[in-house]
Amino acid sequence: MIYTVTFNPSLDYIVRVEHFKLGQVNRTKEEVIYAGGKGINVSIVLKNLGFDSTALGFLAGFTGEEIKRLMKKQGIHADFIEVGRGISRINLKLRSDEESEINGTGPAIEESDIEKLYEKLNHLQDGDILVLAGSIPSIMPESMYRNIMEKLQHKKIDIVVDATNDLLMNVLEYEPFLIKPNNHELGEIFNVELKKKEEVVPYAKRLQEKGARNVLVSMAGEGAVLLTEHGEVYQSEAPKGKVVNSVGAGDSMVAGFLAGFLETGDYKEAFKMGLCTGSASAFSERLATREEVEQLKSRHSFNF
């Protein structure tokens, strides 16, 4: 079974405004509401690709109830922890001449809520996959990812970590199955600027030396780089297309990589699937579907 954890789920309120003007009344041309959060995005894309998962995390208030309803509507199994104070956040995504975002704060998560999450994670079995994705709310311990991996280190669980800076670096000793920084995040870790795929490779290797088994580096329109635990290095340009929505593209890449690996057991095929799934989400108003991914995969030249 695949499990995803989203510590701070959201309702993503996405509005389109033609030529947004600050300080004036603006009328929307389109508006939609989705369940959001990095782990939730991974669960949604996995479902679109034919894989079930269980979404874990914390919810609160009327917004939390709506997140659950939307997940159920999409056929995704959710096992969230109900938090007593506050409401799940609403994130505003404004699409106009430029993309802008205003992200909410989220509910007050207490130590007793965190203990409930540990109890749920304790039921994971050997062979399960756990995806830890996104930032940690300021109200929670900064060592949250590390604490989880420490508690699960004696189980044979493949753990995926999609996080930045210390959240990522502090878990490497527990040998995560996959980490997915983007090139900017990787550069921040080592205080360098990384623009080209060949520049990424030596720094990704340093993360492997610290414990990561597989390192997948996303580079938006430049494509991606994968360093596998077997020593292979795969690089590819991104498929061609018009970027419509960048939100969730990285999460989609993670979901696509997992789907490709579960289907084939081959890291090269997982890389292809991940790259095309991330791009398919970027080229769509919504998260990638299987049909969109397969279309990109069939026409893209990977040039390995």
Side-chain angles (χ1 to χ4, degrees), residues 4-8 37-39 41-42 101 103 129-138 140-150 152-153 157-238 246-258 261 267 270-271 274-275 277-279 282:
T4 66
V5 177
T6 307
F7 292 100
N8 208 359
K38 293 180 72 65
N41 290 340
V42 172
E101 298 185 23
N103 289 346
I129 296 171
L130 175 64
V131 180
L132 303 174
S135 60
I136 303 294
S138 58
M140 296 178 68
E142 293 182 359
S143 59
M144 195 70 221
Y145 280 10
R146 179 185 174 89
N147 296 348
I148 287 173
M149 294 189 69
E150 183 179 20
L152 296 177
Q153 65 179 312
I157 296 170
D158 284 333
I159 300 181
V160 178
V161 179
D162 185 2
T164 61
N165 295 321
D166 288 346
L167 277 178
L168 177 61
M169 297 302 290
N170 289 340
V171 303
L172 296 182
E173 66 179 281
Y174 296 107
E175 301 182 349
F177 169 70
L178 175 72
I179 60 173
K180 196 215 68 63
N182 63 40
N183 58 305
H184 302 297
E185 293 162 348
L186 183 61
E188 287 175 2
I189 290 171
F190 295 104
N191 197 30
V192 294
E193 187 175 11
L194 303 173
K195 293 184 177 180
K196 299 179 180 179
K197 289 187 287 296
E198 56 267 25
E199 296 173 341
V200 160
V201 174
Y203 293 98
K205 283 184 178 178
R206 288 173 67 176
L207 296 184
Q208 280 188 312
E209 290 167 359
K210 292 179 180 296
R213 291 167 54 192
N214 300 286
V215 182
L216 177 61
V217 183
S218 57
M219 302 184 68
E222 291 298 312
V225 177
L226 172 68
L227 277 68
T228 79
E229 61 185 327
H230 304 312
E232 301 120 338
V233 177
Y234 299 111
Q235 304 178 31
S236 178
E237 303 291 328
S246 60
V247 176
D251 311 323
S252 300
M253 180 178 283
V254 169
F257 182 93
L258 287 175
F261 186 73
Y267 285 129
F271 178 65
L275 182 62
T277 306
S279 295

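The first residue in the sequence is number 1, and the count goes up from there. When reading the values below, keep in mind they use all heavy atoms of this one structure, side chains included, and skip hydrogens, waters and symmetry mates.
Rounded to the nearest 0.5 Å, atoms CG (Leu152) and CG (Leu132) are 8.5 Å apart. In this structure, CG in Leu227 is found 10.0 Å from CZ in Phe271, a value given to the nearest 0.5 Å. Here the OG1 atom belonging to Thr4 is positioned 10.0 Å from the CG atom belonging to Asp251, to the nearest 0.5 angstrom. Between the CD1 atom in Ile148 and the CD atom in Gln153 there is a gap of 13.5 Å [rounded to 0.5 Å]. A distance of 6.0 Å separates CD in Glu199 from CG in Leu194, rounded to the nearest 0.5 Å. The CZ atom of Phe257 sits 5.0 Å away from the CG atom of Leu178 when rounded to the nearest 0.5 Å.
For the pair Leu172 and Ala212, the tightest heavy-atom approach, listed with the atom from each and the gap, is CD2-CB, 4.0 Å. Contact detail for Ala220 and Ala238: the closest heavy-atom pair is O-CB, 3.8 Å. Closest non-hydrogen pair, Ala255 versus Val42, comes out as CB-O, 3.7 Å. The nearest pair of heavy atoms linking Gly278 to Ser252 is CA-CB, 4.0 Å. The heavy-atom pair separating Met149 from Val171 by the smallest distance is SD-CB, 3.3 Å.
Of the possible donor and acceptor atoms, one in the side chain of Thr6 sits under 3.5 Å from a partner among the backbone N and O of Gly39. Between the Ser143 side chain and the Asn147 main chain, no donor and acceptor come within less than 3.5 Å of each other.
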Under 3.5 Å, sequence neighbours excluded: what are the donor-acceptor pairs made by side chains of residues 159-170?
| from | atom 1 | to | atom 2 | distance (Å) |
| --- | --- | --- | --- | --- |
| Asp162 | OD2 | Lys38 | NZ | 3.4 |
| Asn170 | ND2 | Asp166 | O | 3.1 |

Side chain to side chain contact (heavy atoms under 4.5 Å, CB included) between Leu226 and Val215, worked out: CA-CA 6 Å; Leu226 172 68; Val215 182; over 6 Å; no
Show, in sequence, the C-alpha distance, side-chain angles and deciding distance for Tyr234 and Glu232, and conclude whether the side chain to side chain contact (heavy atoms under 4.5 Å, CB included) test is met. CA-CA 7 Å; Tyr234 299 111; Glu232 301 120 338; 3.7 Å; yes
Test side chain to side chain contact (heavy atoms under 4.5 Å, CB included) applied to Tyr203 and Asn183, step by step: CA-CA 10 Å; Tyr203 293 98; Asn183 58 305; over 6 Å; no
Under the criterion ring pair (Phe, Tyr, Trp, His ring centres under 6.0 Å), I'd like the reasoning laid out for Phe177 against Phe261: C-alpha separation, chi angles, the key distance, then a yes or no. CA-CA 12 Å; Phe177 169 70; Phe261 186 73; 5.5 Å; yes
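Taking a cutoff of 4.0 Å between a charged side-chain nitrogen and a carboxylate oxygen, Lys195 and Glu222 do not qualify as a salt bridge.
For Glu193, the CD atom is loosely surrounded, since the number of other residues' heavy atoms within 6.0 Å does not exceed 12. Remark: Lys197 NZ is packed, more than 12 non-hydrogen atoms of other residues, nucleotides or ligands lying under 6.0 Å away. Within a 6.0 Å sphere centred on CD of Glu142, heavy atoms belonging to other residues, nucleotides or ligands number 12 at most. More than 12 heavy atoms of other residues, nucleotides or ligands lie within 6.0 Å of OH in Tyr174, so this atom counts as buried by the packing criterion.
Under the 4.5 Å side-chain criterion, counting only non-hydrogen atoms from C-beta, Val200 is in contact with Leu186. Side-chain atoms of Met253 and Leu216, non-hydrogen and from C-beta on, do get closer than 4.5 Å to each other. Looking at heavy atoms from C-beta onward, Val201 lies in side-chain contact with Val225 at the 4.5 angstrom threshold.
Screening Glu229, Glu175, His230, Gln208 for a side-chain hydrogen bond (donor to acceptor under 3.5 Å, both in side chains) with Arg213, the sole residue that qualifies is Glu229.
Aromatic pair Tyr145/Phe7: centroids less than 6.0 angstrom apart.
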